[in-house]
Protein chains: 4
Amino acid sequence: MQLGMVGLGRMGNYMVQRLMRGGHECVVYDARPESVAELAGLGATGSASLAEFVSKLAHPRAIWLMLPAAIVDKVLASLVPLLENGDIVIDGGNSYYHDDIRRGADLITKGIHYVDVGTSGGVFGLERGYCLMIGGEKGIVEHLSPIFATLAPGVGKTEASPNRSPEAAAVSTAEQGYLHCGPHGAGHFVKMVHNGIEYGLMAAYAEGINILKHANIGAASHEADAETAPLAHPEHFQYDFNLQDVAEVWRRGSVITSWLLDLTADALHADPALAKYAGRVSDSGEGRWTIMAAIDESVPTPVLSAALYGRFSSRDNDEFANKVLSAMRAGFGGHVEKPAAKS
Amino acid sequence: MQLGMVGLGRMGNYMVQRLMRGGHECVVYDARPESVAELAGLGATGSASLAEFVSKLAHPRAIWLMLPAAIVDKVLASLVPLLENGDIVIDGGNSYYHDDIRRGADLITKGIHYVDVGTSGGVFGLERGYCLMIGGEKGIVEHLSPIFATLAPGVGKTEASPNRSPEAAAVSTAEQGYLHCGPHGAGHFVKMVHNGIEYGLMAAYAEGINILKHANIGAASHEADAETAPLAHPEHFQYDFNLQDVAEVWRRGSVITSWLLDLTADALHADPALAKYAGRVSDSGEGRWTIMAAIDESVPTPVLSAALYGRFSSRDNDEFANKVLSAMRAGFGGHVEKPAAKS
Amino acid sequence: MQLGMVGLGRMGNYMVQRLMRGGHECVVYDARPESVAELAGLGATGSASLAEFVSKLAHPRAIWLMLPAAIVDKVLASLVPLLENGDIVIDGGNSYYHDDIRRGADLITKGIHYVDVGTSGGVFGLERGYCLMIGGEKGIVEHLSPIFATLAPGVGKTEASPNRSPEAAAVSTAEQGYLHCGPHGAGHFVKMVHNGIEYGLMAAYAEGINILKHANIGAASHEADAETAPLAHPEHFQYDFNLQDVAEVWRRGSVITSWLLDLTADALHADPALAKYAGRVSDSGEGRWTIMAAIDESVPTPVLSAALYGRFSSRDNDEFANKVLSAMRAGFGGHVEKPAAKS
Amino acid sequence: MQLGMVGLGRMGNYMVQRLMRGGHECVVYDARPESVAELAGLGATGSASLAEFVSKLAHPRAIWLMLPAAIVDKVLASLVPLLENGDIVIDGGNSYYHDDIRRGADLITKGIHYVDVGTSGGVFGLERGYCLMIGGEKGIVEHLSPIFATLAPGVGKTEASPNRSPEAAAVSTAEQGYLHCGPHGAGHFVKMVHNGIEYGLMAAYAEGINILKHANIGAASHEADAETAPLAHPEHFQYDFNLQDVAEVWRRGSVITSWLLDLTADALHADPALAKYAGRVSDSGEGRWTIMAAIDESVPTPVLSAALYGRFSSRDNDEFANKVLSAMRAGFGGHVEKPAAKS
């Protein structure tokens, strides 16, 4: 079927390519003409303005936005006045689900249908397919199913769970890699939690690997002063682990096999010191929103929160708190900060 | 080659079966005669006592212990006097790596070689193979490589990491699913960290799924008193998610695909309410030791620790701390505890 | 000066009493006539309705609301139409500071001034005085200073910090125990963070005391199975601490002396087992909002968050997450949950 | 009575001074002659060697060690051969209680009594008195009570808890500020937990103050890209709090008053930017041991652990973990690290 795509960054570009490979017709728009041109060169119908873009789509239009969360409302303000009763807008980016609920309610008063789609898969999605978590009106989601089916990995790449009942399989598209999760916001809610989990998984591997990295601390000399915790048994920390081999062996038959472990092993193979990374870790919203939703629900999330806070600290946002601690220690114990040699 | 196995519980039993399928000769012993008989029925050489067991093994013996960590030393006390110079004892259970270092040093004074093997794979290992993390003397580990190669998943089940260099691949057995990690204790150290990571991964999924489970809290009525935090926007929490479908769709193309997610999805398919579980979660040592090692190394592990503490709390070990909190609240604010309806 | 008080619960009642002791004239209203009657008996001017209450206050009125956060907007909806240009409404409860910003902006369009006051001190405030954190227009806050000065503990109860400069002391009322913190919302923001800190402090004591409580775990027998982490050194855990004596000695000369410790010691003296508490710990909003504000600021708060989540778990809101963990353990290891004897 | 002091650093020096003020006779030794000379100038009996020190003490000797935990065993190895049956060695430093248990058992075989004393109070102890937590044989602790009574703050500085029973008060010295907590190790166990709590309290204040510090983040411009979480409501973060005034007002009548808050306020008065601190926070052993003890007991300590890990991260020990996270993000999403401008 025909789909319009607004936002041709890495994600939008690859999704258009995957849709065209699946036989769909794509009309595309981006504020950067070169992004439009690139996809036009691959067979998409390019457009130089939002108005031209809309005019090239047949009614009822299906328009997919693949944009940073912070500018979706701005683009909608320009786009919606160009649309007609019955058109469909799909937000496939990382919007806050609160915004989906608001937009869905607003747009339906104008006869426009809104669908929120949480999209996972990253840069591998072009080949692997995208995991799609979808919120919106049931009929509209069904209308768009050819699009979702093409973007998703599809049946067969992963075996169904052994306990999955035939009844469940009959009424759900989960095995095809896309799922209508519920009303407006449900797709981004599920994607938000997915990303919250992702933060936790990533931190679990990172912390563990960091323990392996420091397992030879007993080989170093250790200061004996009141400011340094003594290492009682240096003989227990004399290991020089080959991190890339450890990650590689864990990929086979262990309980912790995962796609994230695959990526970690590969990064360590490329450079065991990971020297090109400074260790300043961004977060892009979903991890935070996950914690906020959990707090509203009174659900404890110590692991997911710790993962988020580790990213904040990696960007030195704990600095003033640490100064306060040092000031207190100076206050009650006369403790002077030690210089920056690692302890 | 010939291997003796002591300890024929679920893990030991399956490992013997996998070894025999691979053409190895297994001599087996367990304090429970019926466990011995079961494997004898499958082709193993049974024995009725440790002495008989040792007598049936050719020198230099290779003896694998698959026992609860708490009884390894007791069994060694009986076993070692029966052994000869050059014999090999392998601890394939979940021993603390400190004990490996001590045992390795003790046994070598008697001419006995000690090898520690961290074994991951659980009840699926019989078919899937076991991920083996190995510590000990290089020559001894190489001598045992036919055993390890059979127990491990082997080359080919999982593609090598794209960035893995031919040089690395040439000198390491990681791609076969077993790895000599370093000297005594190195195997259990790596397995310990593996399990610490496992705790973190599991908790990340569990917390996320719990958020989905409570996503309809806005549909319930909410009390307005000074003891209850108000839910400002009940309209944001009106979702009834189908947890098994969500887990199933995440298994396809998402960033959080993993074997643990596969197991989770399957458990939810079997019963979305997980009614047969009370939620009292055991921990068996490695998770704790991981945290202790990290602390000795001055390495922060907020995520892995939170995962461990969640298990402690699941067994109500936070109860007195919570009583102290309620007592303080009564002290400064006259707050009275609310009864047990969930908030 | 004259002050109207709406909301005569524990806090409102005591504040009126303290104000009358300080020579102020109080007009009071509460939906429960008996609460009004009680304070009328102590010299306050009672009123039977909001309208009567407003009519008894001289223009420009100063009206203090001491209400659960969840009903402030409802009361304002009834109250504000009765007010005149120049009147002042003070919210002394535990409102979310977002609401203060909104209300302050709304009310000023009607000529009504809004002041938010975070009030700490609990049931001891009547005698000890209340710590007041204030947000609003500078001139309005100054106009109300006689009220704040009476409610606050006042100069002299606590010595000024040695490093406090005379210049700082000259321009700030902090030493009197009340402080104009900034514009609308600033008072409740500072109070919110105060409560967030309070949660962290409380949890720190509670966790520590719980460690002392379990310090005799080595005296109990310990199971040796694969589901139980072995206690390697039971001889290290043979202490039967007298918790009330420990808390009492800590109150003298230690680094951790505090008012919360005083309350804890007293509660332990009353009953070392704290048997009347079930350990279901409420939270009333500020702790959550603190975390949400920190997340918006990208500031890590692992300690304050852990304290909040401990309360959620104390109310069993981690139950489904724990069931998921047990289901995973059953899945990969065939682990069966142990019954409820404490481990 | 007579007391020998070995180790005349800040703590040992002040304790000798306080003891001499209380009328006790002090014999002193330190490897640094100038430290000995300083106290000799104040009336102590100096000694130039351990042998001379021991010779100047009357039998049965009472010898207090005030040394870094890491060198206590070394000093004991030199000291103990010089002692006689019935002599007493007191370790007043921050030893690990495991070492106390071992030393107490070792020394008693030589007729030497060992007492472990956890000492809190820091540099203020000279004037304020020290909170003393004591482990050892009951009769020996009673023999030393004149020393403990002088070092401790004494009755009267702090009122007894209202609920403290006369019976409890009659049999315990807790109100004098020192307490016999139990057998060998009990004193350092209680002090260890005290310090664990201290870490938690400190972190709670530090995190809260850091939230106040960043409360004006909405005034800064904010980037709108896929690597930056959007700040939905900058109008909620427009506060420029005067941190020293906030800390000062909290010291009066609030729930979070404490000695640590007094110190924090004073440090902020000295310099609100705390510019002389880099925020690299040491830890000296007890915080770690607290967590390890809790883990052995299966007691959850999320708050105390988070406080400890914050210190580890302040010293950049999370660096490799953060590189792993950035490497994963590059792997699945092509994310590139942002440069070091604070977010």
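What you see is a predicted model; the values in this text were computed from it and never measured. Residue numbers begin at 1 in each chain, while the letters A, B, ... track the order of the sequences.
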Can you tell me which of [options] forms the most heavy-atom pairs within a distance under 4.5 Å of chain D?
options	value
G182(C), A265(C), G135(C), C181(C)	C181(C)
G196(C), G185(C), P300(C)	G185(C)
A160(C), A307(C), G121(C), G125(C)	A160(C)
Y130(C), F124(C), W259(C)	W259(C)
M202(C), E207(C), E198(C)	E207(C)

Side chain, backbone, both or neither of [X] within contact of chain D (heavy atoms, under 4.5 Å):
X	answer
I101(C)	side chain
Y309(C)	neither
P153(C)	side chain
M133(C)	side chain
L263(C)	neither
A206(C)	neither
A247(C)	neither

Distance check, rounded to the nearest 0.5 Å: [X] atom [atom1] versus [Y] atom [atom2]?
X	Y	atom1	atom2	value
S258(D)	L261(C)	OG	CG	10.0 Å
E159(C)	R251(D)	CD	CZ	8.0 Å
N210(C)	L304(D)	CG	CG	10.0 Å
S298(C)	L231(D)	OG	CG	8.0 Å
H236(C)	E297(D)	NE2	CD	12.5 Å
Y97(C)	F237(D)	OH	CZ	3.5 Å

Do [X] and [Y] come within less than 4.5 Å of each other through their side chains, counting heavy atoms only?
X	Y	answer
L268(D)	R164(C)	no
N242(D)	L179(C)	no
V193(D)	V246(C)	no
H194(D)	S254(C)	yes
W250(C)	V190(D)	yes

Who among [options] has the most heavy-atom pairs with chain C under 4.5 Å?
options	value
A232(D), P162(D), A267(D)	P162(D)
V255(D), T301(D), D262(D), V299(D)	V255(D)
P183(D), G122(D), A168(D), S165(D)	P183(D)
G310(D), A306(D), G208(D), P302(D)	P302(D)
A294(D), G218(D), A270(D), A203(D)	A270(D)

Could you report the tightest heavy-atom contact between [X] and [Y], atom names first, then the distance?
X	Y	value
Y239(C)	H184(D)	OH-O, 2.6 Å
G200(C)	V303(D)	O-CG1, 4.1 Å
D245(C)	A174(D)	O-CB, 3.6 Å
N163(D)	D266(C)	N-OD1, 2.6 Å
R128(C)	G253(D)	NH2-O, 3.1 Å

Ring-plane angle category for H233(C) and H98(D), please: parallel below 30°, perpendicular beyond 60°, tilted otherwise. tilted
Taking [Y]'s backbone N and O only, do any of them form a donor-acceptor pair with [X]'s side chain (distance below 3.5 Å, no angle check)?
X	Y	answer
R252(C)	L132(D)	no
Y205(D)	L201(C)	no
Y199(D)	A204(C)	no

When you look at S161(C) and Q244(D), which way does the side-chain contact (heavy atoms from CB on, under 4.5 Å) test go after all the steps? CA-CA 10 Å; S161(C) 294; Q244(D) 66 267 49; over 6 Å; no
Bottom line for A215(D): the part with an atom under 4.5 Å from chain C's heavy atoms is both
